[in-house]
There are 2 protein chains.
Amino acid sequence: MKIATWNVNSIRTRLEHVLNWLQANPVDVLCVQETKVIDADFPRSPFTDLGYHLYISGQKSYNGVALISRTPLEDITAGFTPILGESLVGELDAQKRVITGVLDGIRIVNLYVPNGSEVGSEKYVYKLRWLQVLREYLAALCLKDSSQPKILVCGDFNIALEDRDIHNPKGREKHIMASDHERAALQTVLELGFADVFRKFTEDGGHFSWWDYRSGSFQRNSGWRIDHHYLTPALYERAIACTIDVAPRQLEKPSDHAPVTVELEVAL
Amino acid sequence: MKIATWNVNSIRTRLEHVLNWLQANPVDVLCVQETKVIDADFPRSPFTDLGYHLYISGQKSYNGVALISRTPLEDITAGFTPILGESLVGELDAQKRVITGVLDGIRIVNLYVPNGSEVGSEKYVYKLRWLQVLREYLAALCLKDSSQPKILVCGDFNIALEDRDIHNPKGREKHIMASDHERAALQTVLELGFADVFRKFTEDGGHFSWWDYRSGSFQRNSGWRIDHHYLTPALYERAIACTIDVAPRQLEKPSDHAPVTVELEVAL
DNA sequence: GTAGATCTAG
DNA sequence: CTAGATCTAC
């Protein structure tokens, strides 16, 4: 089974890129973020015409996530609320950042973690609070899914967990996506029993999934590895590959993110 | 000698279309309108690298005209003022709508006539006033250029002179580009001794140079012939062809106008 | 640097 | 419907 995550930075603008990539990379599920479109305007037929099943949760202009699946998914939920209830989640689900579905007993959680703007800002505080609620959310899912849950949590985390995930970690403490508070907040989530599957196969740095559009970052490989797949042990041990596909980032009018694919040794 | 006129609706957005068209259609001079760019930002090198000479008069966002010539042009002037003086022209030259140059003794006047917005509007009044000053301008050029002037006046006139120049002339009196006042104002200009060279070769209707972007006008050929070449008798008798090239209007992200080319039987 | 929203212009 | 300007967000 192959599952990919890709922040497409507007599904409408990136439609051809995404369709072409899916044809060349026949993953079972593609998790996309930053669709930037309300559900009514999501370009459904280009995907359904190719036989894909779509599960979307979008809003106007910002955020928005979707699951694009070769076969139907089960138990679809959008946002934290269906699992945690309104009182715990509050206003966090106003921004469409979470969609979840189950394929062959494997729960796929597709996230678009808040960017946070600047360290210390209001949006930064929101990001940290969102990660706290994410922990509650994943804890609830783990409980729900048996003693050995098979959960894959992927998406754009807007956090580089380690210095080797940044082209230049100098001054990273003051930089959004690399501050101590963000890293700690994500670590607290992962303590539930999730491991970064990319690091099962690749030890060295210099591997990134996002490059700022500005100042030729991609050409200089001034990137960040902020798009991740985190797996529970039952899945982690079955992972046989995790790769970042840089090719789409080289096309005309690319997303600023590259897709990241994980392959699991499970019969489908 | 071949001379073409083309409202490109942004030279920056249409750059590839224009370059490709010039390669496939080696005219001597291409007169473009609605460049929509200040002179400092005009994409010069794509043209000069191919050996073209550029003469431009642009402004921010709106209007803007340019002459793109295979060989150098002489006696370049932009606006009405260099010929008529400031007192007669007033504020009309604030909008960059006129550029003129001479090739092999033939004066080429490239115009972007005001659109006029709606019949009776302030912009409509401006359009009519502009056409009055255009008459003075061309009259002055005719006097300047000898008793048998060789003048070609081309561009986007935003006027369909006859009903056969409109896909549906019904109610045209109330429509901008076809009202009686506009037609009369242009006729008054042409009385100086200019003739529409397209009609030397083509009698029938159904030939258009502009199709609204909206409501699939091009697919339904709901067009208007508003891009013209007007010639003094000395040139008119030497004209051997005048054609509208619909091909660029069929491309992706086209201009709403098609180029119109006139061929003159003159040695170069 | 890129994308969307909103505005103006055509 | 398309393009540019200005704004916000990333």
Side-chain angles (χ1 to χ4, degrees), chain A residues 7-15 17 33-38 41 58-64 95 97 112-119 121-124 126-127 156-159 175-177 210-220 222 224 226-227 249 251-257, chain B residues 7-15 17 33-38 41 58-64 95 97 112-118 121-124 126-127 156-159 175-177 210-220 222-224 226-227 249 251-257:
Chain A
N7 179 321
V8 295
N9 190 10
S10 171
I11 190 65
R12 287 179 291 187
T13 299
R14 224 65 62 204
L15 184 57
H17 284 18
Q33 303 91 36
E34 282 210 87
T35 54
K36 292 187 173 177
V37 65
I38 58 173
D41 293 343
Q59 67 180 88
K60 188 169 155 185
S61 304
Y62 308 116
N63 313 312
Q95 299 183 14
R97 298 178 174 278
Y112 176 49
V113 177
N115 170 281
S117 189
E118 280 180 55
V119 173
S121 69
E122 210 168 83
K123 287 175 180 171
Y124 181 79
Y126 180 92
K127 181 179 193 172
D156 175 3
F157 285 77
N158 272 315
I159 296 173
H175 200 295
I176 198 69
M177 302 192 291
W210 175 79
W211 302 259
D212 198 308
Y213 282 124
R214 286 161 282 192
S215 55
S217 301
F218 182 68
Q219 280 65 30
R220 300 175 4 244
S222 296
W224 298 63
I226 58 176
D227 300 271
R249 181 64 240 239
L251 301 173
E252 290 270 287
K253 285 205 156 252
S255 166
D256 41 355
H257 295 254
Chain B
N7 179 321
V8 295
N9 190 11
S10 171
I11 189 65
R12 287 179 292 187
T13 299
R14 224 66 62 202
L15 183 58
H17 284 19
Q33 304 90 35
E34 281 210 89
T35 54
K36 291 187 172 179
V37 66
I38 58 171
D41 292 344
Q59 66 180 89
K60 189 169 157 186
S61 305
Y62 308 116
N63 313 311
Q95 299 183 13
R97 299 179 173 278
Y112 176 47
V113 177
N115 170 282
S117 190
E118 280 179 57
S121 69
E122 210 169 82
K123 287 175 180 170
Y124 181 79
Y126 181 92
K127 181 179 191 170
D156 175 2
F157 285 77
N158 272 315
I159 296 173
H175 199 296
I176 197 71
M177 302 192 291
W210 175 80
W211 300 260
D212 199 309
Y213 282 125
R214 285 163 284 194
S215 56
S217 301
F218 182 68
Q219 280 66 30
R220 301 176 1 245
S222 295
W224 298 63
I226 58 176
D227 299 272
R249 179 65 238 238
L251 300 174
E252 290 270 287
K253 285 204 156 255
S255 166
D256 43 353
H257 294 253

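Heavy atoms only: backbone and side chains are in, while hydrogens, waters and symmetry mates are out.
- Here C/dG1 presents its P atom at 15 Å from CD of A/E252, a figure rounded to the nearest Å.
- The side-chain hydrogen bond (donor to acceptor under 3.5 Å, both in side chains) check on A/N63 picks up A/Q59, A/R97, with sequence neighbours excluded.
- Applying the salt bridge (Lys or Arg N to Asp or Glu O under 4.0 Å) test to B/R214 and every residue at least two apart in sequence or in another chain returns B/D212.
- Between the NE2 atom of A/H175 and the P atom of D/dC10 there is a distance of 14 Å, given to the nearest Å.
- Atom pair A/Y124:OH and D/dC10:P shows a separation of 16 Å (rounding to whole Å applied).
- Applying the side-chain hydrogen bond (donor to acceptor under 3.5 Å, both in side chains) rule to A/D227 yields the partners A/S209, A/H257; only residues at least two apart in sequence or on another chain are considered.
- Annotation: side-chain hydrogen bond (donor to acceptor under 3.5 Å, both in side chains) contacts of A/S217 (sequence neighbours excluded): none.
- Residues forming a side-chain hydrogen bond (donor to acceptor under 3.5 Å, both in side chains) with A/R14 (at least two apart in sequence, or on another chain): none.
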Once each nucleotide of nucleotides 3-10 of chain C is scored for protein heavy atoms under 4.0 Å, what B/S/- sequence comes out, 5' to 3'?
SSSS--SB
